[in-house]
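One structure is given below, encoded as structure tokens.
Order of the sequence lines fixes the chain letters, A, B, ..., with proteins taken first and strands second; residue numbering starts at 1 for each chain. Please read all numbers here as calculations on a predicted model, not as lab measurements.
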Amino acid sequence: MIDLIFPDGSTRQFEPGVTGKQVAASIAVSLAKRAALIKLDGELLDVDRALEHGGKFEILTRDAPEALETIRHDVSHILAEAVQELFPGTQVTIGPAIEDGFYYDVARDEPFSLDDLVAIEQRMKEIVDRDEPIVREVWNRDEAIAHFQSIGEVYKAEIIGSIPAGEDVTVYRQGQWKDLCRGPHLPSTKVAGKAFKLTKLAGAYWRGDHRNPMLQRIYGTAWANDADLAAHLHRIEEAEKRDHRKIGRTMDLFHMQEEGRGMVFWHEKGLTLWRTVEAYMRRRLEAAGYVEVRTPQVLDRVFWEQSGHWQNYRPNMFVCETVEGEELALKPMNCPGHVQIFKYGQKSYRDLPLRMAEFGACHRYEPSGALHGLMRVRAFTQDDAHIFCREDQIVEEVASFIALASSVHEDFGLTRDHITLGTRPTPRAGTDEFWDMAETQLLDAARKAGVEPVVAEGDGAFYAPKLDFQLKDAIGRTWTCGTIQNDYVLPDRLGAEFVGEDGQKHKPVMLHRAICGSLERFIGVLIENFAGAFPLWLAPVQVVVTTITSDADDFALKAAAALRARGLRVETDLRNEKINYKVREHSLAKVPVIAVVGRREAEEGKLALRRLGSDGQEILTLAEAANLLATQATPPDVARETAASEGRVGELLAG
RNA sequence: GCCGCUUUAGCUCAGCUGGUAGAGCACCUCAUUCGUAAUGAGGGGGUCACAGGUUCGAGUCCUGUAAGCGGCACCA
């Protein structure tokens with residue numbers, strides 16, 4: 001007999017081989033009807049699966065959150081069945097559930113069209129209506145290979161071929177259609193429901209390898225019910241409205257054009273945003289004990305050969321040959337330049353840790369297909385720094401960097417979701433002992449900073465493991481911004497040394513780190529995070545002073561000058577247009593504060609402030625408004641510093 | 001780089017089965033001085049991405065190139 005422990009804590013005994021459905025029926029017939037999956041000791045199983053052992057047992061209906069992934073997986077099978085019914089000769093490969101949905105990769109010579117997608121979706125709904133039972137079968141591996149070979153499913157046969165000989169495989173059958181699959185699945189196609197939609201067609205390499213043939217991938221989204229599906233589609237629409245490329249155009253921040261692919265033309269307002277971010281970063285770095293440097297844009301190839309980048313990334317570098325036969329490269333990163341400064345003169349252990357920062361303009365020839373607005377460009381500026389330190393300083397430096405980066409991210413309205421630890425890749429430089437040590441140091445440092453990283457196997461750089469910050473934006477999307485890598489390889493290759501307490505020469509460790517990553521990309525993330533409605537301190541135009549009638553022109557100009565004198569970024573709008581029109585226009589332009597002046601305000605020396613997103617107004621004297629707005633426009637780090645220094649003065653006076 | 005789709009006015013888009021280009025917004029001009037998300041009238045603006053081809057005739061069909069978009073691969 002096997003013991004099943006139910007969620008309420010009670011235990012009941014059943015014959016081995018009993019199915020989940022039978023157990024459900026022993027409780028209530030209605031429950032057996034609604035049972036979609038069972039969970040045994042945390043493992044999801046088909047309801048008709050014979051149970052071989054006891055354990056913590058739970059019956060799940062299709063509404064259970066855990067069932068959603070299975071619904072998506074089922075819908076991907078239904079997609080594959082529909083495709084093969086409509087397009088005989090198409091081979092199926094794999095079709096997993098993914099975040100928010102599923103995809104299925106199929107092989108067919110003819111490309112699918114958007115019209116095909118409509119037909120496929122229609123057929124999928126018919127398959128759901130057919131209520132085909134989904135049945136699990138255990139097959140002998142070699143017979144399975146032979147079977148899939150015989151029906152022309154060479155990709156499936158290849159997958160089974162990679163399963164160790166002697167192991168059985170499982171095949172799920174729904175109606176006439178069957179697929180190699182680990183499962184679990186719902187009891188029938190009807191249970192999967194119709195809250196799905198095919199969303200896009202794409203190409204994808206077989207097994208994710210660019211040397212393999214390209215398959216056609218059909219993406220879809222699937223949910224437990226229509227309301228969830230509608231909500232998801234609505235979220236997608238909202239996310240599209242935040243697209244930084246669209247907002248960049250409508251807010252006149254930047255543009256890109258084909259003569260400079262992957263390069264940004266920053267317009268006045270965009271550059272204002274840039275300079276605001278850069279000035280903020282500069283203050284934070286200075287406060288954290290960094291020094292700022294600047295290194296050459298173009299350097300001889302010998303540096304890139306020494307660092308190993310020439311060998312690893314030569315095709316992705318912009319290289320130029322001079323008339324005198326030198327071969328130079330635009331810097332793809334700043335590390336060798338910083339090491340040259342470190343090596344200039346002698347360094348002592350007393351100089352360490354030496355935190356060397358640069359807003360470094362780098363160029364990388366990214367593959368054309370990788371380019372994406374500001375998010376992936378060929379010319380970018382890193383908020384880069386290298387911390388040269390002794391081995392025993394690594395953990396401390398990394399931990400304080402995590403604190404600094406987290407504070408910066410929060411100031412920009414981004415919250416940390418988690419940190420990943422990217423471990424040794426293949427190929428890589430350095431010995432396994434080195435990698436063991438370097439990975440352990442990063443892990444220790446993260447823990448010291450109170451963070452437990454999620455391991456990303458093989459995601460490190462070729463010379464060092466790394467910690468990457470995964471941030472969540474205002475609508476819950478995650479972005480990777482910020483990294484730190486502890487590198488023993490490049491200081492050695494580039495010949496960096498310092499004199500230790502023992503008078504001997506030692507190799508420093510180099511911590512490569514960035515908080516924004518690239519400023520281009522970071523600004524792209526900020527645009528999407530705020531949907532263009534920046535907080536006052538970041539907004540390119542903070543205030544528009546606008547008139548109701550031309551009687552107020554003189555006062556409006558005076559008010560604008562007064563606000564500018566308080567350091568605010570102010571525009572005036574004296575056009576002969578209705579106030580409704582002006583308010584609408586500046587609201588659409590996401591200006592945080594509209595200061596309206598009519599005859600009344602002009603006579604009384606006041607401003608009527610209207611905040612973006614609210615329709616009320618605050619009527620203040622010009623002096624009050626200037627003080628209030630100047631305070632509110634203070635960058636968060638400056639505001640904290642001011643508050644702290646006031647606190648210290650208060651303590652001194654009290655003491 | 002690979003697969004697919006797309007490319008018409010500054011922007012968003014319409015243009016049926018090939019017969020010689022249209023809307024809204026924006027822009028310019030004039031009128032309007034109007035209290036918190038679009039005042040009215042008039043006007044200018046397009047080698048229909050580029051290069052070939054088919055045709056009496058191409059924005060429309062075909063081929064190639066480029067760029068953009070969605071993925072994949074890549075991301076020091």
Go through the steps to decide whether A:Thr420 and A:Asp459 satisfy the test side chain to side chain contact (heavy atoms under 4.5 Å, CB included), and finish with yes or no. CA-CA 9 Å; A:Thr420 54; A:Asp459 265 4; over 6 Å; no

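Nucleotides B:rA14 and B:rU7 have their C1' atoms positioned 15 Å apart, rounded to a whole Å. Straight-line distance between the C1' atoms of B:rG4 and B:rG18: roughly 27 Å, to the nearest whole Å. Nucleotides B:rA58 and B:rA51 have their C1' atoms positioned 15 Å apart, rounded to a whole Å. Nucleotides B:rG10 and B:rC48 place their P atoms 13 Å apart, quoted to the nearest Å. A gap of 13 Å separates the P atoms of B:rG44 and B:rG22, to the nearest Å. Taking atom C1' on both B:rC13 and B:rA21, the two are 14 Å apart, rounded to the nearest angstrom. With C1' as the reference atom, B:rC16 and B:rG59 are 14 Å apart, rounded to whole Å.
Within a 6.0 Å sphere centred on CZ of A:Arg575, heavy atoms belonging to other residues, nucleotides or ligands number more than 12.
Counted by atom type alone, A:His418 and A:Gln470 present zero donor-acceptor pairs between their side chains at under 3.5 Å. Side-chain contact annotation: A:Thr295 with A:Glu358, donor-acceptor N/O pair under 3.5 Å present.
A:His77 has its ring centre no less than 6.0 Å from the ring centre of A:Phe102.
Between A:Tyr581 and B:rA26 there is a side-chain N or O to OP1 or OP2 distance below 4.0 Å. Between B:rU33 and A:Ser550, no contact under 4.0 Å exists linking OP1 or OP2 to a side-chain N or O.
Where A:Ile548 and A:Ser113 each meet RNA chain B at their nearest nucleotide, the meeting point lying more 5' is that of A:Ser113.
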Per-nt protein contacts along nucleotides 70-76 of chain B (heavy atom under 4.0 Å; B base, S backbone sugar-phosphate only, - none) come out as BBBBBBB

Counting primed atoms plus P, OP1 and OP2 as sugar-phosphate and everything else as base, spell out the protein contacts along nucleotides 42-49 of chain B at 4.0 Å heavy-atom distance: B, S or - for each nucleotide, 5' to 3'. --------

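With respect to A:Glu240 and A:Lys246, no salt bridge is recorded, no charged nitrogen being found less than 4.0 Å from a carboxylate O.
Judged by distance alone, with hydrogens and angles left aside, A:Glu601 brings a side-chain donor or acceptor within reach of the base of B:rG35, the pair sitting under 3.5 Å.
In RNA chain B, the stems built from three or more successive Watson-Crick or G-U pairs (distances below 3.5 Å) are B:1-7 with B:66-72, B:10-13 with B:22-25, B:27-31 with B:39-43, B:49-53 with B:61-65.
Comparing B:rA37, B:rU36, B:rA66 by their closest approach to the side chain of A:Ile579 singles out B:rU36.
A 4.5 Å side-chain heavy-atom check between A:Tyr365 and A:Pro315 finds every atom pair outside the cut-off.
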